Amino acid sequence: QVQLVESGGGLVQAGGSLRLSCAASGRTFANYFLGWFRQAPGKEREFVARITWSGGTTYYADSVKGRFTISRDNAKNTVYLQMNSLKPEDTAVYYCATGGIRSTSSTMYNYWGQGTQVTVSS
């Protein structure tokens, strides 16, 4: 079993920044992927970014490329999502998840955190 706990969400004005954290505990897998997803009210959960625990290879959704940066600290079993130049449309509950398949589909991720709310005011 893997446990994931997100933190760092909050309310920020448009153009501002937030850094989300996802702390993993329990069994972790070096060749797994850690992904960030988000879900806004009335919308489907969408992929934001992913990183490999081992090599640190990253991949981003077009909507956040150049503004968000995903990184990991293996010693702390923690993955971060640095979000800059935030827009009102970034408002959502942000979830981290981990799984063994390289994918942007939420169905390919086995373990999920509880989510953290990010609200960007205009």
Side-chain angles (χ1 to χ4, degrees):
Q1 287 289 338
V2 177
Q3 294 80 43
L4 302 173
V5 179
E6 303 99 333
S7 62
L11 172 64
V12 64
Q13 289 188 332
S17 300
L18 281 175
R19 188 178 80 157
L20 306 183
S21 299
C22 175
S25 61
R27 183 181 180 187
T28 56
F29 304 90
N31 59 343
Y32 265 40
F33 298 88
L34 195 293
W36 283 99
F37 291 79
R38 65 186 183 187
Q39 188 166 19
K43 295 188 177 181
E44 293 187 355
R45 191 167 297 188
E46 66 172 352
F47 170 81
V48 175
R50 70 166 183 250
I51 191 168
T52 56
W53 281 111
S54 56
T57 303
T58 59
Y59 183 76
Y60 298 91
D62 287 342
S63 58
V64 306
K65 200 174 295 182
R67 299 188 298 123
F68 291 10
T69 302
I70 189 171
S71 62
R72 88 260 189 257
D73 184 334
N74 287 21
K76 296 181 178 180
N77 276 348
T78 300
V79 175
Y80 304 98
L81 186 68
Q82 178 66 43
M83 305 185 295
N84 299 328
S85 302
L86 282 162
K87 305 175 181 179
E89 51 263 44
D90 294 318
T91 295
V93 177
Y94 283 70
Y95 300 90
C96 63
T98 190
I101 305 296
R102 181 172 62 188
S103 175
T104 60
S105 171
S106 62
T107 60
M108 293 292 106
Y109 289 76
N110 308 102
Y111 302 98
W112 291 81
Q114 81 289 351
T116 185
Q117 176 71 46
V118 171
T119 303
V120 184
S121 63
S122 57

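Bear in mind that the values here come from a model prediction, so they are computed numbers and not experimental data.
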Of all the heavy-atom pairs spanning [X] and [Y], show the shortest one and how long it is.
X      : Y      : answer
Leu4   : Ala97  : CD1-CA, 3.6 Å
Met108 : Ser103 : CG-OG, 3.4 Å
Ser63  : Arg38  : OG-NH2, 3.6 Å
Ala14  : Ser122 : CB-CA, 4.4 Å
Ser17  : Asn84  : OG-OD1, 2.9 Å
Tyr95  : Gly113 : CD2-O, 3.7 Å

Is any side-chain heavy atom of [Y] closer than 4.5 Å to one of [X]?
X      : Y      : value
Met83  : Val118 : yes
Ser106 : Gln39  : no
Val120 : Lys87  : no

Discussion item. A quick test of your reading: do over 12 heavy atoms of other residues, nucleotides or ligands sit less than 6.0 Å from CD1 of Ile101?
Written reply: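 Open.
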Can you tell me if [X] uses its side chain to pair, donor with acceptor, with the backbone of [Y] under 3.5 Å?
X      : Y      : value
Thr98  : Phe33  : yes
Glu6   : Gln114 : yes
Thr78  : Lys76  : yes
Tyr109 : Trp36  : no

Fill in: Residue pairs passing the disulfide bond (SG atoms under 2.5 Å apart) test where at least one lies in residues 11-121, sequence neighbours excluded
Cys22-Cys96
Item to complete: Not counting sequence neighbours, list each pair that qualifies as a disulfide bond (SG atoms under 2.5 Å apart) and has a residue in residues 41-86.
Response: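 For residues 41-86, and leaving out neighbouring residues, there are no disulfide bond (SG atoms under 2.5 Å apart) pairs at all.
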Worksheet item: Can you get from Tyr111 to Ile51 by hopping between Ile, Leu, Val, Met, Phe, Trp and Tyr side chains that sit under 4.5 Å apart?
Response: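 Yes: a chain of side-chain contacts under 4.5 Å links Tyr111 to Ile51.
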If you round to the nearest 0.5 Å, how far is [atom2] of [Y] from [atom1] of [X]?
X     : Y      : atom1 : atom2 : answer
Thr91 : Gln117 : OG1   : CD    : 7.5 Å
Tyr94 : Phe68  : OH    : CZ    : 4.0 Å
Leu86 : Arg67  : CG    : CZ    : 6.5 Å

Side-chain polar contacts of residues 53-62 - donor-acceptor pairs under 3.5 angstrom, sequence neighbours left out - could you list them?
residue : atom : partner : partner atom : Å
Ser54   : OG   : Ala30   : O            : 3.2
Tyr60   : OH   : Ile70   : N            : 2.9
Asp62   : OD1  : Lys65   : NZ           : 3.1

Item to complete: Anything under 30° is parallel, anything over 60° is perpendicular, the rest tilted; go ahead and classify Phe47 against Phe37.
Response: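 Geometry flag for Phe37 against Phe47: perpendicular rings.
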Discussion item. Distance alone, cut at 3.5 Å: any donor-acceptor contact between the side chains of Thr107 and Ser105?
Written reply: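 Indeed, the side chains of Thr107 and Ser105 share at least one donor-acceptor pair under 3.5 Å.
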Worksheet item: Do you know which of Leu20, Leu81, Asp90 makes side-chain contact (heavy atoms from CB on, under 4.5 Å) with Val48?
Response: Leu81
